[in-house]
Amino acid sequence: MKKKATSLFLLELILAMLIFFMAAAICVSMFAKAHEMNKKSQELNSAVLVEKNLAEMLSRAVSVDDACRLVTQLYPHAEISAPVKDTGSGITEVRIALDDDFLETTGQSAYQLTADLSEDRDLLTAGLHVYPADDTENGTSVYDLTVENSLSSNVSASAGNISDVSASAGNTSDVSASAVNTSDPLKSGTEEAAS
Amino acid sequence: MKKGASLAQIIFPIVLFAFFATAAILVILFGARVYQSTVEKSGDNYNARTLLSYVTQKIRQNDEAGSVSVEDFDGTDALVLRNDDGSDAYRTLIYLYNGQVCELTVLDDTTAELSAGTGIIGAQQFVPEETGDGIFHFMCVDAGGKKAETVVAVRSAGSADEEASS
């Protein structure tokens, strides 16, 4: 009788442990997922902030050269490549190495902020992207922001409105938006990121 | 033999139970640690970013020609926002004092002390800087040591230039 009771207790314990370990495995995987989501949201927030900063600088530019000058004020170690005019694109690429805290670094970079600047008549277009440093080649960006800025408005010393801003997060092709004459590029960018 | 077998019958469930209890505690501790780190990271930069957003919004509210500047206030760099309600001219100063970013609104011709401001948020550093071209750069290090920076381009900067030239 006593032996039977012990066996039953043992069986009950083993069953309880089995259920517990199954629940624990689910919990641990959820913890890991929560950690990953938190890291990604932080990454996105910081990427939005650095791109918004750059967009603010570019809103005062009167030409691509002036844009480069303004960018180097904020990021003195930015690498600026000459525009590729042979291919007809005429895009000036600016690369800025960022550390884990999304601050400019000259050492090991964790992220790369790039700005593709082009000028067409009186419109300055800047494609801003933040890539993880180890994923620049694959093109999986953390956040993309396109800024179009009327150069004539800055030259004629009127308010430098950002005339068109479109943004997308995580290369989601169907996530894009434009806001005409928006004063805050961050707003439209984050709204799209949230959707 | 029988005695040894019954001893094993008692010890084995106890060992199994101890293992079960240890595993349960470990999972709870692991979960608590993950939750703690998630909350900490969510709060990371919160203060610094809140402050920078606040400053940005203050500038946007006062974005009139020549009303935004960075000036020395009692030996400290302060963001100065000037406004005029028609009868009186006021200036709002935002500066770092005693580990707090403070805000003080006074009549434009009034002298004031750093201690007169109202604390907004705790910070180790708050550096406002006017880089030219109507661009303001703000760097702050919050109480937790997290550094954040923002750039604000004043929309009325062009109007100020126009007014100055005319």
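Per chain, numbering begins at 1; letters A, B, ... match sequence-line order.
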Interface residue of largest heavy-atom contact number with chain A, from B:Thr150, B:Val152, B:Val27, under 4.5 Å:
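Heavy-atom pairs under 4.5 Å are most numerous for B:Thr150.
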Go through the atoms of [X] and report whether side chain, backbone, both or neither lie under 4.5 Å from a heavy atom of chain B.
X: A:Leu70; answer: side chain
X: A:Phe102; answer: neither
X: A:Asn53; answer: both

Report the C-alpha distance between B:Lys146 and A:Asp101 in whole Å, list the side-chain angles of each, state the deciding distance to 0.1 Å, and finish with yes or no for salt bridge (charged side-chain N to carboxylate O under 4.0 Å, His left out).
CA-CA 9 Å; B:Lys146 275 278 172 189; A:Asp101 294 325; 3.0 Å; yes
Can a side-chain donor-acceptor contact be found between [Y] and [X] if the only test is distance below 3.5 angstrom?
X: B:Arg49; Y: A:Ser46; answer: yes
X: A:Glu43; Y: A:Tyr111; answer: yes
X: A:Ser63; Y: A:Asp66; answer: no

